Every structure is written in structure tokens, then in C-alpha cells.
Student: 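Before anything else, here's the structure in question.
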Number of protein chains: 2
Amino acid sequence: MPNLTRAIEKYIHDLLESEEGTAGASLRGASVSLRRKELAASFGCVPSQINYVLRSRFTPERGFLVESQRGGHGYIRILRIACEEPEEKMNHIEDIVGDSISEPEAHRLLQVLQERGMITVRERLLIEVALRHSDEMGRSDFDLSQHKRNTIQAEMLKRMLRGLVLA
Amino acid sequence: MPNLTRAIEKYIHDLLESEEGTAGASLRGASVSLRRKELAASFGCVPSQINYVLRSRFTPERGFLVESQRGGHGYIRILRIACEEPEEKMNHIEDIVGDSISEPEAHRLLQVLQERGMITVRERLLIEVALRHSDEMGRSDFDLSQHKRNTIQAEMLKRMLRGLVLA
DNA sequence: ATTATTGATTATCCTTGACCATCATTATAA
DNA sequence: TTATAATGATGGTCAAGGATAATCAATAAT
């Protein structure tokens with residue numbers, strides 16, 4: 001069993017994918033509903049495993065929302081957010097980056113953006129080089145605190161992404 | 001065993017090389033996945049040695065990206081974005097950029113690179129945003145001389161191009 | 001002085017299970 | 001008939017444990 005979490009993630013992704021072609025899906029964004037218990041049973045795992053997959057993979061940062069209801073007729077609904085307007089997309093990114101971002105956080109974010117097709121692998125590389133250089137200068141040439149460096153890093157990252165979105 | 005690092009480096013390079021022939025590799029860039037623990041064991045060294053090799057040899061400045069995941073089913077994936085060889089072309093660029101470059105000079109260089117199809121419009125934009133931010137910080141936050149700023153700019157530009165233009 | 005190597009410690013990811021919360025339906029009481 | 005209480009059927013939370021990988025500081029080699 002090479003990775004249960006990824007298998008479940010892929011399954012849900014495929015569901016959303018097949019929902020994509022549906023009428024109006026591109027406007028309202030795709031969505032799927034499922035039973036936690038059934039999905040868990042079909043993968044032969046404990047139900048809370050589903051929560052783990054949702055919490056770790058279908059996050060707002062990755063462009064998803066999750067709704068649910070308990071009790072009889074309970075359900076879990078996963079929605080893919082469609083950020084059509086460049087401005088929306090930008091606001092979303094600004095929120096995620098924030099005023100300060102660490103190197104590992106930036107690294108993860110860039111990986112996600114690449115997986116979502118928002119940047120190419122070459123663009124990701126360029127951004128990483130720029131962030132590394134900025135961080136290195138801040139550390140060895142100007143002796144800045146880590147927080148200050150993370151602030152500068154966030155500013156540079158946002159500017160670079162803004163430029164791309166508006167391009 | 002003083003050449004452990006180089007041996008591991010070569011091993012990973014060879015893996016990437018053999019991946020090169022694969023379908024679509026030239027488009028998406030070559031990549032290999034491995035287990036840190038296993039690789040270390042096969043070289044009879046401690047696992048953190050692998051991190052040293054990756055940190056010192058497979059950097060974005062050299063055209064590589066590294067992804068990893070901890071925990072069960074953990075892995076390390078190395079992606080090569082830039083091709084090898086074009087040592088000559090790279091030296092040429094290093095010469096042109098030199099130790100110091102003004103913003104208009106950088107601008108012209110990037111335009112030429114774009115016209116020659118070596119970088120895309122978006123990549124050029126990304127580089128220009130990074131250079132501008134660096135320059136702006138140097139001026140207003142650290143009150144650096146223009147020459148110092150041009151030196152920093154040249155360094156950043158070379159690093160970004162090294163990762164990319166080797167193609 | 002720089003680069004390489006090691007090992008101890010820390011951080012992260014995944015999986016499971018016990019226990020908690022909420023909703024819909026049904027039974028019961030007024 | 002209506003209000004309320006019990007019941008069953010979901011989903012949520014959290015903490016523990018195992019499996020990796022990352023970090024960092026000390027040491028060795030060049």
C-alpha cells in the first residue's frame with residue numbers, strides 16, 4: 001500500500017475532475033459530496049483518516065473549501081474554488097503569503113502553485129533563487145534578524161507573484 | 001573516503017541522466033525519487049550526509065529543485081530544470097553581466113535573452129521584479145551607494161540566469 | 001579556512017482508535 | 001396535537017505511536 005492518503009486524495013481529485021464537465025461547473029466551481037464512513041470503508045481505513053486527508057490536502061491554500069453535516073443524512077462536500085478574476089486570485093495569494101513568510105513555507109507554497117499550474121517549474125526556480133539570495137544577503141551582509149528577513153522575503157514573493165498574475 | 005560527497009553527487013546525476021531519455025522528460029525536466037535512508041545505507045554513510053550533498057550540489061542556482069516528505073512513505077525528489085554542458089554560453093553571460101550592472105543594462109540584456117527565446121516574457125518579468133525590489137530595498141532601507149546596489153543586482157541576476165539559461 | 005562527515009536531537013507525516021458533538025427520526029407525555 | 005425526550009446515525013477532535021527526513025553542532029579531513 002503505497003500511501004493511503006495520496007490514494008484518497010487522488011480519488012477525490014478524480015471525482016472533482018469528472019464533475020468538471022458538468023453544466024455550470026466552471027462558473028460555480030466543481031463540487032462533490034460523499035459519505036465519510038463509506039469512503040473510509042471503500043479504502044479499508046478508519047473514518048478519521050478522511051478528515052486527515054481533507055485537512056492536509058483540500059485546504060483553502062490549495063483552492064478548496066469543505067462543508068459537512070453530522071447526524072442522519074450526514075455528508076461531506078468538497079468544493080474547488082474557481083478564482084477566475086486575476087484580482088481575486090491575487091487577494092488570495094496576498095492572504096496566504098501575509099506580511100512574513102519563512103523559507104520552508106515559501107517553498108511549500110511555490111510547490112502548490114506549480115502543481116495547480118499557476119507557475120511553471122522554471123518560474124518556481126527563479127523565485128526560489130531570488131528568495132535565497134535575498135535571505136543570504138540579509139543574513140551575511142546585513143546581519144538582519146530572521147523575522148526581518150522573512151518580512152522582506154514575503155514582500156519580494158508577493159511582488160513577483162503579483163507581476164505574474166497580472167501578466 | 002574523502003570523495004563520498006562527489007560519489008553521491010555523481011550517482012544522483014547518473015540517475016537523472018538515465019531518466020533523461022524517458023518520454024516527455026525534455027518537456028517536464030528530468031526527476032528522480034529516492035529514499036534518504038536507503039541511499040545513505042548503500043553508500044555506507046549517515047543519512048544526513050545526503051542532505052549535505054543536496055544542499056551543496058543540487059541548488060536552484062545550479063538548476064535543481066529538491067522536494068521531500070517525511071514520515072511513512074517519505075521520499076526525496078530531485079528535479080533538474082536546466083540542462084548541462086552549455087558551460088560556454090554561461091561563461092558568456094557571466095562576462096556580460098560582470099561584477100556590476102545597471103538597471104538599464106540588465107533590462108537590455110534580458111530583452112535580448114527573450115528575443116533569442118532563451119527566457120519567456122514571464123520569466124523576464126520575474127527577474128525584473130526581483131532586481132527592482134532588491135534595488136529599491138538597497139536604496140531606501142539600507143541607503144546603499146548605486147555601485148553597491150549594482151553589484152548586488154549583478155550577483156542576483158547571475159544567480160537567476162545560472163539556474164535557467166544553462167539551457 | 002573551507003569543506004566533508006558524523007550522530008544526537010528535533011520536526012513532520014501518516015495511521016489508528018477512543019471519545020465527543022450534532023442532526024434526524026421516533027417514541028412518549030402533556 | 002404538540003412539545004419533549006430518547007435513540008440511532010452520522011461526522012469531528014485529539015492524542016498516541018511508528019516511520020521517515022531535517023537540523024545543528026561537533027569533529028575530521030583537505
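These numbers come from a predicted model, not from an experiment. Each chain gets a letter, A, B and so on, in the order the sequences are listed, and its residues count up from 1.
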Student: Is A/Gln69 close enough to D/dA9 that one of its side-chain N or O atoms is under 4.0 Å from OP1 or OP2 there?
Tutor: no
Student: Between B/Glu105 and B/Ser102, is there a donor-acceptor pair closer than 3.5 Å when you use the side chain of the first and the backbone of the second?
Tutor: yes
Student: With a 3.5 Å distance limit and no angle check, can you tell me whether B/Thr120 reaches the backbone of B/Glu123 through a side-chain donor-acceptor pair?
Tutor: yes
Student: Given atom CG of A/Leu34 and atom P of D/dG11, what is their separation to the nearest angstrom?
Tutor: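 Going from CG in A/Leu34 over to P in D/dG11 covers 9 Å.
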Student: Would you say the side chains of B/Arg77 and B/Ser31 form a donor-acceptor pair under 3.5 Å?
Tutor: no
Student: From NZ of B/Lys37 over to P of C/dT6, roughly how many Å is that when rounded to an integer?
Tutor: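 Going from B/Lys37 (NZ) to C/dT6 (P), I get 18 Å.
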Student: Measure the distance from CG on A/Asn3 to P on D/dA21 and round it to the nearest whole Å.
Tutor: 13 Å
Student: If you find the nucleotide of DNA chain C closest to A/Ser56 and the one closest to A/Gly72, which residue's nucleotide is nearer the 5' end?
Tutor: A/Ser56
Student: Round to the nearest Å and state the distance from A/Arg36 atom CZ to C/dC23 atom P.
Tutor: 15 Å
Student: So A/Val121 and B/Ile81, side chain to side chain contact (heavy atoms under 4.5 Å, CB included) or not? Walk me through it.
Tutor: CA-CA 7 Å; A/Val121 70; B/Ile81 282 70; 3.8 Å; yes
Student: Can you tell me if A/His133 and B/Glu155 form a side-chain donor-acceptor pair at under 3.5 Å?
Tutor: no
Student: Can you tell me if A/Gln146 has over 12 outside heavy atoms packed within less than 6.0 Å of its CD?
Tutor: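 Counting other residues, nucleotides and ligands, CD of A/Gln146 stays at 12 neighbours or fewer.
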Student: Can you tell me which nucleotide in D/dA22, D/dG12, C/dA24 comes closest to the side chain of A/Ile76?
Tutor: D/dG12
Student: Would you kindly give the OH-to-C1' distance between A/Tyr75 and C/dA24, to the nearest whole Å?
Tutor: 13 Å
Student: Would you kindly give the CD-to-P distance between A/Glu9 and C/dC13, to the nearest whole Å?
Tutor: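 Taking atom P of C/dC13 as the reference, CD of A/Glu9 is at 13 Å.
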Student: Ring-plane angle category for A/His13 and A/Phe64, please: parallel below 30°, perpendicular beyond 60°, tilted otherwise.
Tutor: perpendicular
Student: Does B/Gly74 reach a base, just sugar-phosphate, or nothing at all? Heavy atoms under 4.0 Å.
Tutor: sugar-phosphate
Student: Return yes if the base of D/dG11 and the side-chain atoms of A/Arg35 contain a donor-acceptor N/O pair under 3.5 Å, otherwise no.
Tutor: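 Per atom types, no contact qualifies.
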Student: Under 6.0 Å from the CG atom of A/Asp141, do we count more than 12 heavy atoms belonging to anything else shown?
Tutor: yes
Student: Measure from the side-chain heavy atoms of A/His73 and tell me the nearest of C/dT25, C/dT16, C/dT5.
Tutor: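 Of the candidates, C/dT25 comes closest.
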Student: Determine whether a donor-acceptor pair (one donor, one acceptor, N or O, separation below 3.5 Å) exists between the side chain of B/Arg70 and the base of D/dA22.
Tutor: no
Student: Strictly below 4.0 Å, heavy-atom distances to any atom of DNA chain D: list the hits from residues 128-150 of chain A, or just say none.
Tutor: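 Listed by number, there are none.
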Student: Between B/Leu4 (CG) and C/dG7 (P), how many Å, whole number?
Tutor: 12 Å
Student: Expected output is a numbered-order residue list: members of residues 45-55 of chain A with a heavy atom under 4.0 Å from any atom of DNA chain D. What is it?
Tutor: A/Ser48, A/Asn51
Student: Under 4.5 Å side-chain heavy-atom separation, chaining through any Ile, Leu, Val, Met, Phe, Trp or Tyr, what else clusters with A/Ile152? Say none if it is isolated.
Tutor: A/Met137, A/Phe142, A/Leu144, B/Met137, B/Phe142, B/Leu144, B/Ile152
Student: Looking at every non-hydrogen atom in both residues, tell me the closest pair between B/Met156 and A/Ser134 and how far apart they are.
Tutor: CE-N, 4.2 Å
Student: Measure from CZ on A/Phe43 to P on C/dC14 and round the result to the nearest Å.
Tutor: 15 Å
